[in-house]
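Heads up, the thing below is written out as structure tokens.
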Amino acid sequence: MQKDGLSIDVALGVTVPARHARGRAARLGPALDAILANHGYPPVIERLLAEALVLTALLGSLLKEPEGQLTLQAQTEAGIIDLLVCDYLGGELRGYVRHDPERLAEAGPKPSLFALFGKGYLAITFDQPQANERYQGIVPLEGSSLGEAAQSFFGQSEQIPSIVRLAAGKRDGQWFAGGLMFQHLPEGEEGRERLHTRLDHPDWPHVAVLAGSVRDDELTDPELPLDELIWRLFHEEPEVRILAPVPLRKGCRCDPDYVRSVIARFPEEEQAAMVGEDGFITVDCKFCSTTFPFRLEELGSATDSHR
Ligand SMILES: [Zn+2]
């Protein structure tokens with residue numbers, strides 16, 4: 001199925017020099033299934049998290065530093081979903097959703113973004129430790145889909161004309177998600193100068209129409225390599241540059257030794273209160289739904305070894 005490494009669990013950068021545009025395409029397959037399998041969410045939440053993860057891959061693969069981290073967070077006060085968090089580090093993706101299962105069941109099979117989040121916010125954080133750069137933008141979570149919300153993030157928060165398309169669906173019982181993002185670059189390919197951004201730049205509407213014509217089934221088709229997808233959309237352009245692909249995989253940075261060392265610093269009576277009826281202190285990682293049970297005695301040795 002995967003002939004060339006450009007079809008599944010990969011992000012691909014692209015530039016269209018003559019149009020002053022850059023883009024990203026990404027598709028997730030087995031990595032997505034691996035992330036979703038641990039959580040056991042209802043299908044509505046699985047689809048939303050699948051789209052959020054592919055959006056995270058699109059944005060994260062823009063980072064230049066290998067240690068750069070991108071965090072996407074959608075938050076509300078009274079929504080069915082009160083928190084969605086995904087992050088990206090070096091091609092590794094993870095994410096989770098906190099929601100109210102009873103209210104979700106009442107909302108029917110296809111709730112709108114507004115029905116899920118109510119009045120919410122989308123925060124995107126780019127963190128590049130080597131350059132000591134941290135940037136966070138926050139916009140109201142608006143539009144009919146996560147893709148539209150991301151698009152308005154770039155329009156409002158960064159003032160970069162952007163188009164974002166996301167899709168997710170199941171094929172033969174397996175999840176696939178795909179995404180495409182294009183941005184107008186006013187000052188050269190990777191420029192961050194925004195002084196001369198003009199929303200009515202003649203090249204941009206053309207790029208937006210071509211990129212926006214991508215279909216959901218093209219985005220999620222595991223047999224359509226991403227470079228072919230790009231060519232389909234931009235075949236009339238004199239030059240389209242395909243950049244090096246970024247492989248994507250499930251990854252979590254939870255560390256049982258670290259968890260133990262944190263709990264070892266609590267006062268003894270608080271540690272004792274954490275022990276469950278089964279005799280274990282149980283800590284879970286929300287990102288990957290992994291639980292780390294351990295006994296009080298193991299904490300003692302962790303404390304000693306950290307002195
Ligand atoms: Zn974890």
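Heavy atoms only: backbone and side chains are in, while hydrogens, waters and symmetry mates are out. Whatever order the structure lists them in is the order used to number ligands and atoms, beginning at 1.
- Annotation: salt bridge (Lys or Arg N to Asp or Glu O under 4.0 Å) contacts of E237 (sequence neighbours excluded): R19.
- Applying the ring pair (Phe, Tyr, Trp, His ring centres under 6.0 Å) rule to pairs touching residues 51-96 yields Y96-F287, sequence neighbours excluded.
- Around the Zn ion (ligand 1), protein N, O or S atoms at less than 2.8 Å number 4.
- A salt bridge does not link E77 to K119: none of the charged side-chain nitrogens sits closer than 4.0 Å to a carboxylate oxygen.
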Identify every side-chain donor-acceptor pair in residues 162-169 under 3.5 Å, counting partners at least two apart or on other chains, and give the distances.
from, atom 1, to, atom 2, distance (Å)
S162, OG, I160, O, 2.9
S162, OG, Q183, NE2, 3.2

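- Atom CG of D278 has more than 12 heavy atoms from other residues, nucleotides or ligands within 6.0 Å.
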Does the ring-ring contact (aromatic ring centres under 6.0 Å, His included) test come out yes or no for F292 and F280, once each step is laid out? CA-CA 9 Å; F292 303 109; F280 287 91; over 10 Å; no
